[in-house]
Number of protein chains: 2
Amino acid sequence: MATMTAAQQKAQAKAEYNAFVAACPSRKLLDRISDKWVTLILAALGSDGPHQLGADCAGEPRSMRFSELSRLLAGVSQKMLTQTLRSLERDGLITRTVTPTVPVTVSYELTDLGLSLHQMMRGLKTWAETHMDDVLANRATYDTRTA
Amino acid sequence: MATMTAAQQKAQAKAEYNAFVAACPSRKLLDRISDKWVTLILAALGSDGPHQLGADCAGEPRSMRFSELSRLLAGVSQKMLTQTLRSLERDGLITRTVTPTVPVTVSYELTDLGLSLHQMMRGLKTWAETHMDDVLANRATYDTRTA
DNA sequence: CAGTATCCAGCTAGATACTG
DNA sequence: CAGTATCTAGCTGGATACTG
């Protein structure tokens with residue numbers, strides 16, 4: 001009605017805000033790239049190896065098979081690898097190519113969109129390499145000062 | 001010893017890889033910014049309002065009080081706001097200033113490091129605004145094709 | 001080879017109540 | 001005003017086992 005309790009108003013504001021945040025493109029992007037395996041797959045297919053120490057060559061996008069990825073990203077479970085690859089394909093960031101050999105061969109490759117995202121990630125990587133040491137140092141200082 | 005079972009080798013590789021990923025600066029940065037409220041607080045203190053539609057003025061970093069933030073980020077719980085602010089302070093991304101009035105006044109402001117991070121986030125935001133529509137379209141296509 | 005299916009443990013966000 | 005403390009429900013990632 002005309003009058004709502006303060007609690008009701010607050011609840012409504014919260015619901016609206018959450019809806020707004022959920023709709024925000026930046027938020028959606030963050031949700032996508034914050035996934036542990038997304039970034040690693042991107043890096044693997046982006047041809048500089050999976051964060052291979054200092055290897056920063058920007059060559060051709062690589063095509064990799066499921067098992068190759070599985071071996072390269074040693075920490076990933078089959079479930080998560082499949083799930084992540086599927087979601088990346090769904091978003092048009094990678095292509096999935098099935099070759100009907102016996103047994104089947106499946107290979108993955110970055111699309112232009114995926115490559116573009118990978119490029120953006122490099123900017124993020126640069127910031128990380130430039131400033132994360134400071135952050136870590138601040139963190140250590142804070143902890144000793146608090147302890 | 002000299003011989004390990006295949007399972008043992010795999011487990012070790014996994015452990016090493018996970019350790020490697022955990023140590024990666026990019027990963028740490030991602031962990032930080034992927035937090036829902038971190039980005040919103042950064043945006044709020046970064047003076048363009050919390051993703052206020054199209055308001056992209058890059059003015060002076062703003063100083064805001066706890067209650068202001070709480071009101072602005074309508075969806076956040078007290079617990080998460082406190083927790084997030086604390087962690088940002090710990091990382092040297094924001095400063096926390098207590099003024100001993102009665103009752104106390106606490107204000108938060110971006111540091112240079114925080115401002116730099118906020119600047120980087122804008123690059124991310126730009127990518128999101130440019131390409132997320134494509135991603136969403138791909139997603140929709142994939143879903144209808146699958147359904 | 002490249003998955004799918006199922007089940008469970010751990011973490012975390014949120015609600016709630018209290019305080020200097 | 002600006003927190004702290006506690007408890008719980010829900011989601012998610014991993015282990016495991018099975019298949020075209």
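The model shown is predicted, which means the values in this text are computed figures rather than measured ones. Convention: sequence-line order gives letters A, B, ...; per-chain numbering from 1.
For the pair A:Gln78 and A:Gly75, nearest-nucleotide mapping onto DNA chain D gives the more 5' position to A:Gly75. Comparing A:Gln83 and B:Gln83 against DNA chain D, the residue whose closest nucleotide sits nearer the 5' end is B:Gln83. Position along DNA chain C of the nearest nucleotide to B:Val104 versus A:Glu68 favours A:Glu68 as the more 5'-ward residue.
Taking each heavy atom of A:His118 and A:Ala43 in turn, the nearest pair found is NE2-CA, 3.9 Å. Among all heavy-atom pairs drawn from B:Leu29 and A:Ala128, the shortest one is CD2-CB, 3.8 Å.
Electrostatic pairing of A:Asp143 and A:Arg139 does not count as a salt bridge here, judged by no charged N lying under 4.0 Å from a carboxylate O.
In a base pair of the Watson-Crick type (N1 to N3 plus N6-O4 or O6-N4) or a G-U wobble (N1-O2 and O6-N3), with each distance short of 3.5 Å, C:dC11 is matched with D:dG10.
If you check C:dA2, D:dA2, C:dT4 against the side chain of A:Thr82, the one that comes closest is C:dT4. You'll find that the side chain of A:Lys79 is closest to D:dA15, out of D:dG20, D:dA15, D:dG3. Residue A:Thr105 places its side chain closer to C:dA2 than to any other of C:dA13, C:dA2, D:dA2.
When atom types are taken as modelled, the side chain of A:Thr111 and the backbone of A:Gly92 share a donor-acceptor pair closer than 3.5 angstrom.
When rounded to the nearest whole Å, the span between CG of B:Leu81 and C1' of C:dG14 equals 14 Å. Summarising the geometry, the separation between CZ on A:Arg71 and C1' on C:dA2 is reported as 12 Å, rounded to the nearest angstrom. Regarding A:Asp31, its CG atom lies at a distance of 13 Å from the P atom of C:dA13, rounded to whole Å. Between A:Asp35 atom CG and D:dC11 atom P the separation is 17 Å, expressed in whole Å. The distance from atom CZ of A:Phe66 to atom C1' of C:dA2 is 6 Å, rounded to the nearest whole Å. Atom P of nucleotide C:dT4 and atom CE of A:Met80 are separated by 13 Å, given to the nearest angstrom. Following rounding to the nearest Å, A:Ile94 (CD1) and C:dA2 (C1') show an atom-to-atom distance of 14 Å. Spacing between atom CZ of A:Arg86 and atom C1' of C:dT4 amounts to 10 Å, rounded to whole angstrom units.
Checking the phosphate oxygens (OP1, OP2) of C:dG14, a side-chain nitrogen or oxygen of B:Trp37 falls inside 4.0 Å. OP1 or OP2 of C:dG3 lies within a sub-4.0 Å distance of a side-chain N or O belonging to A:Arg96. At least one side-chain nitrogen or oxygen of A:Ser67 sits closer than 4.0 Å to the OP1 or OP2 atom of C:dA2. In this model, the phosphate group of C:dA15 is approached by a side-chain N or O of A:Lys14 to a distance below 4.0 Å at OP1 or OP2. A sub-4.0 Å separation between OP1 or OP2 of C:dA2 and a side-chain N or O of A:Arg65 is present.
With contacts defined as side-chain heavy-atom distances shorter than 4.5 Å, the pair A:Ser107/A:Met64 does not qualify.
Geometrically, B:Arg145 engages B:Tyr142 in a cation-pi contact defined by less than 6.0 Å to the ring centre and at most 45° from the axis.
With hydrogens and angles ignored, no donor-acceptor pair under 3.5 angstrom links the side chain of B:Lys36 to the base of C:dA13.
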